[in-house]
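These values consider heavy atoms only, across backbone and side chains, with no hydrogens, waters or symmetry-generated copies. All chains are named by letter (A, B, ...) in the order of the sequence lines, taking the proteins before the strands, and each is independently numbered beginning at 1.
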Amino acid sequence: MAEPKENVLMEKIVSLCKRRGFIFQSSDIYGGINGFWDFGPLGAELKRNVKELWWHSMTRFRDDVVGLEASIIMAPQIWKASGHVDTFSDPMCDCLLTKKRFRADQVEAQSGVVYSYTGAKDATSGKELNDPFSVLLAQGKPPESARKTAAQFYQLRGLQNVELLGETTEKVEHSTRFNPENGAQLTEPRPFNLMLQTWVGPIQSDDNVAYLRPETAQAIFVQFKNVHETARQKLPFGIAQVGKAFRNEVTPRNFIFRSREFEQMELEFFIKPDEAVEAIHGSVAVPTAPGHPGEPQPNWGWQMWHQYWVEERVRFYEGIGLARATLGFHLQTPEELAHYARATTDILFKFPFSKVDAAGNVAGDELEGIAARSDFDLSQHERHSGKSMGVFDEDLRTAWGKLAPEKQADLAERYYQARLKYLTKTGVPEAKAQAEAKEDADGLAKGQYIPHVIEPSAGVDRLILALLANAFSGITSTDEKGKSETRVVLKFHPRVAPVKVGVFPLLKNKPELVAKAKEVFQSLRGQMLAFYDEAGAIGRRYARQDEAGTPFGVTIDFDTLGEQPELLNTVTVRHRDDGAQERIAIADLPAWLLARVK
RNA sequence: GCGGGCGUAGCUCAAUGGUAGAGCGCCGGUCUUCCAAACCGGUUACGAGGGUUCGAUUCCCUUCGCCCGCUCCA
């Protein structure tokens with residue numbers, strides 16, 4: 001029951017994207033392939049701008065984040081350690097009657113009497129079916145109701161006047177083979193693997209199965225040691241990566257929002273455990289007010305860092321034109337959180353397809369999740385690879401020696417408990433877990449620990465769609481003949497706009513205008529993406545650029561050539577959003593534009 | 001994966017068991033002055049495969065894709 005109006009908007013966006021070359025369906029001429037998309041000329045520029053802005057804001061403008069570009073296919077053990085092999089492959093089964101799908105491990109166990117049939121016959125036509133079917137009869141219900149359910153099953157297969165064949169009964173205890181809602185038999189559990197699989201090497205065998213990464217983050221954890229040792233960074237610091245990821249989504253939907261091949265921008269920001277911060281600084285700073293907490297401080301605990309990154313990310317979105325009001329926030333509840341996660345804040349965008357609740361509120365759909373993941377990921381890789389993921393912290397060792405013994409004991413105990421909790425949750429036998437947690441707590445006293453991590457993880461494609469939806473505006477105008485038409489203007493922030501400036505000679509058939517316009521175009525193109533267009537009336541060329549989201553238009557007219565001497569070598573600059581015009585000297589143009597598009 | 005709807009030109013939409021049409025766009029041309037102007041000319045389509053038929057875009061089957069719901073999922 002989606003809002004028809006909203007769907008119309010999505011359809012317009014999809015259609016515009018194709019018409020203007022933002023996004024095409026992958027493999028279009030072969031009929032397309034579900035869940036895959038291609039970015040056309042404008043889309044490629046838009047996406048590149050977004051990724052570069054993210055990369056620049058994360059790495060080049062910060063001292064404490066470095067980059068990584070890892071391979072897409074990695075050792076398969078990584079996905080075992082990360083939990084993806086297990087959590088991404090739930091066996092599923094379907095109700096044979098209603099086709100409803102269940103996770104096999106979530107089917108409620110039931111007891112009762114199973115009525116089984118070898119098949120059924122149409123008493124009228126004589127047609128016979130040999131499909132076996134069983135029904136679990138709930139306690140207290142008459143056998144007739146089981147027969148009725150079975151009859152429905154055969155009716156769905158084309159029998160009219162059902163006569164059941166070969167009835168047998170059997171008592172079962174705690175069976176998960178039946179739909180708890182109607183007792184109908186479920187299909188055998190079938191594996192569902194959300195990871196795309198391939199083989200490394202030309203022989204396809206179980207020995208060389210590998211996966212296309214379902215997220216870019218794991219590579220960062222896996223390369224943590226190498227980066228830490230080579231980048232001359234000390235905690236806290238982060239590793240950023242932009243890249244493709246792949247998931248065999250059950251249902252790719254909503255244009256590029258959920259696709260099977262997508263791109264992520266992920267940061268893993270490694271911080272000291274709170275116990276270490278407290279040992280060094282005496283106390284741990286925690287959030288006292290909402291909003292951005294300002295410049296990072298050495299005494300921040302994970303909560304400060306989490307809040308800091310949420311606010312940093314919001315600033316990023318604001319900086320590319322997504323006002324705070326277009327965003328939504330979702331703090332994951334304890335039930336939603338993974339056991340190792342301490343907090344996750346999702347940043348949402350109100351998409352045209354986002355659900356509207358009964359009160360008319362739109363929560364939005366996820367653009368990015370900022371997770372405080374404790375030391376789970378590095379710990380997992382330490383255990384699975386056998387390689388230490390710990391770091392040595394000189395400040396901690398020095399500070400620890402100066403602590404009062406009771407403080408040392410207190411911190412060591414808290415660290416011990418946290419490690420013990422992790423180890424037992426991940427299935428380490430109790431005695432071994434206690435021994436290892438003790439070892440970890442002893443390590444802390446020597447300045448060693450496994451870093452904790454804050455993970456802002458954003459979807460590039462989702463952001464592109466958000467930018468398109470946010471920029472999309474239809475302007476309907478009626479001319480003097482009463483003919484009304486709707487023009488589309490994509491009001492991109494100049495920073496993300498694919499084309500920054502359109503350059504036009506007012507008229508195409510005047511060689512002087514054309515020559516001058518080309519000269520202006522040449523002077524701009526090295527500094528920003530400029531587009532030269534001489535075809536059609538000037539209004540049409542403005543409109544074409546509006547539709548592509550180009551923020552500025554530059555028009556060369558006879559005054560540029562000196563028809564009015566005081567306007568010699570000046571051009572008209574036209575603003576996309578309101579059509580306002582101003583006169584700018586050609587000499588000033590590059591600087592004027594750069595100031596507005598950077 | 002299931003159920004429902006849909007698939008005709010770049011876009012929006014017609015018509016038809018017998019050679020597929022419009023508007024807009026796009027390309028070219030005319031025009032000395034700014035928001036899809038006008039005029040002239042040009043351009044392009046039945047998602048794919050199979051079947052029924054003398055003949056299928058139309059009827060049937062399969063398949064692919066899109067939309068909605070369920071399911072699933074970050």
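Rounded to a whole angstrom, the distance from the C1' atom of B/G17 to that of B/C46 is 15 Å. Using atom C1' as the reference point in both B/A20 and B/G5, the two lie 25 Å apart (nearest Å). Separation of the P atoms belonging to B/G1 and B/U62 is 15 Å when rounded to the nearest angstrom. Separation of the C1' atoms belonging to B/A9 and B/U43 is 10 Å when rounded to the nearest angstrom. A gap of 23 Å separates the C1' atoms of B/U63 and B/C70, to the nearest Å. The gap from the C1' atom of B/U57 to that of B/C6 amounts to 16 Å, rounded to the nearest Å. Separating the C1' atom of B/U58 from that of B/G4 is a span of 23 Å, rounded to the nearest Å. Taking the C1' atom of each, B/C61 and B/G28 are spaced 47 Å apart, rounded to whole Å.
Tested against A/E263, the residues A/K244, A/K47, A/R462 include a single side chain to side chain donor-acceptor pair (under 3.5 Å) partner, A/K47.
Note on ring orientation: taking the six-membered ring where Trp is involved, the planes of A/F351 and A/F353 are parallel (angle under 30°, cut-offs 30° and 60°). A tilted orientation is assigned to the rings of A/Y532 and A/F521, their planes being inclined by 30° to 60°.
Rounded to a whole Å, the CZ atom of A/R541 is 10 Å from the C1' atom of B/C34. Nucleotide B/A74 holds its P atom 10 Å from the CD atom of A/E366, rounded to whole Å. For the pair A/I29 CD1 and B/G47 C1', the interatomic distance rounds to 12 Å; values are reported in whole Å. As a whole-Å value, the separation of A/E547 CD from B/U12 P is 13 Å. In this structure, A/F504 places its CZ atom 14 Å from P of B/C35, rounding to the nearest Å. In this structure, CD of A/E11 is placed 13 Å from P of B/G7, rounded to the nearest angstrom. One atom, CD of A/E263, and another, P of B/A74, lie 21 Å apart when rounded to the nearest Å. Separating the CD atom of A/E534 from the C1' atom of B/A36 is a distance of 18 Å, rounded to the nearest angstrom.
When heavy atoms are screened at a 4.0 angstrom cut-off, A/Q332 is found touching base atoms of the nucleic acid. Across all strands shown, A/K508 has heavy atoms under 4.0 Å from sugar-phosphate atoms exclusively, and none from any base. Nucleic acid contact for A/G369: none, since no nucleic acid atom lies under 4.0 Å from a heavy atom of the residue. Among the protein residues, A/Q581 comes within range of the nucleic acid bases, having at least one heavy atom under 4.0 Å from a base atom. Counting any heavy atom pair closer than 4.0 Å across all strands shown, A/T251 reaches a base atom. If you check every strand for non-hydrogen atoms under 4.0 Å, A/L507 touches sugar and phosphate atoms only. Across all strands shown, A/F262 has no heavy atoms under 4.0 Å from either base or sugar-phosphate atoms.
Nearest-nucleotide positions on RNA chain B for A/N254 and A/R19 put A/R19 closer to the 5' end. Between A/K510 and A/R462, the one whose closest nucleotide on RNA chain B sits nearer the 5' end is A/K510.
With hydrogens and angles disregarded, no donor-acceptor distance shorter than 3.5 Å links the side chain of A/Q25 to the backbone of A/G32. In this structure a side-chain-to-backbone donor-acceptor pair under 3.5 Å is missing from A/S354 to A/K350. Of the possible donor and acceptor atoms, one in the side chain of A/R213 sits under 3.5 Å from a partner among the backbone N and O of A/S71.
Both key distances under 3.5 Å define a Watson-Crick or G-U pair, and stretches of 3 or more such consecutive pairs in RNA chain B run B:1-7 with B:64-70, B:10-13 with B:21-24, B:25-30 with B:38-43, B:47-51 with B:59-63.
Residue A/R544 places at least one side-chain N or O closer than 4.0 Å to OP1 or OP2 of B/C27. The side chain of A/R576 contributes no N or O atom lying less than 4.0 Å from OP1 or OP2 of B/C35. A close approach under 4.0 Å does not occur between any side-chain nitrogen or oxygen of A/R253 and OP1 or OP2 of B/C67. Residue A/K18 places no side-chain N or O under 4.0 Å from the OP1 or OP2 atom of B/G10. Phosphate contact (OP1/OP2 of B/G29, side-chain N/O of A/N509, threshold under 4.0 Å): absent. Contact annotation: A/N34 side-chain N/O to B/C66 OP1/OP2 distance is under 4.0 Å.
Under a cutoff of 6.0 Å and an axis angle of 45°, A/R596 and A/W592 form a cation-pi pair.
Which of B/U32, B/A36, B/C66 sits closest to the side chain of A/W37 comes down to B/C66. Relative to the side chain of A/R574, the nucleotides B/U71, B/A37, B/C35 differ in distance, and B/C35 lies closest.
Legend: salt bridge (Lys or Arg N to Asp or Glu O under 4.0 Å) pairs involving residues 541-557 of chain A, not counting sequence neighbours, sorted by first then second residue: A/R19-A/E547, A/R20-A/E547, A/R487-A/D546, A/D533-A/R544, A/D546-A/R574, A/D557-A/R583.
Under 3.5 Å, the side chain of A/D346 and the base of B/A74 form at least one donor-acceptor pair of N or O atoms. The base of B/C73 sits with one of its N or O atoms less than 3.5 Å from a complementary donor or acceptor on the side chain of A/R258. The base of B/C11 has none of its N or O atoms less than 3.5 Å from a complementary donor or acceptor on the side chain of A/S15. Taking only distance into account, the side chain of A/E249 never meets the base of B/C73 through a donor-acceptor pair shorter than 3.5 Å. Between the side chain of A/D557 and the base of B/C34, at least one donor-acceptor pair of N or O atoms lies under 3.5 Å.
In this structure, a donor-acceptor pair under 3.5 Å is absent between the side chains of A/Q218 and A/S82. If you check the side chains of A/T555 and A/Y542, you find a donor sitting under 3.5 Å from an acceptor.
Heavy atoms from other residues, nucleotides or ligands lying under 6.0 Å from NZ of A/K12 number 12 at most.
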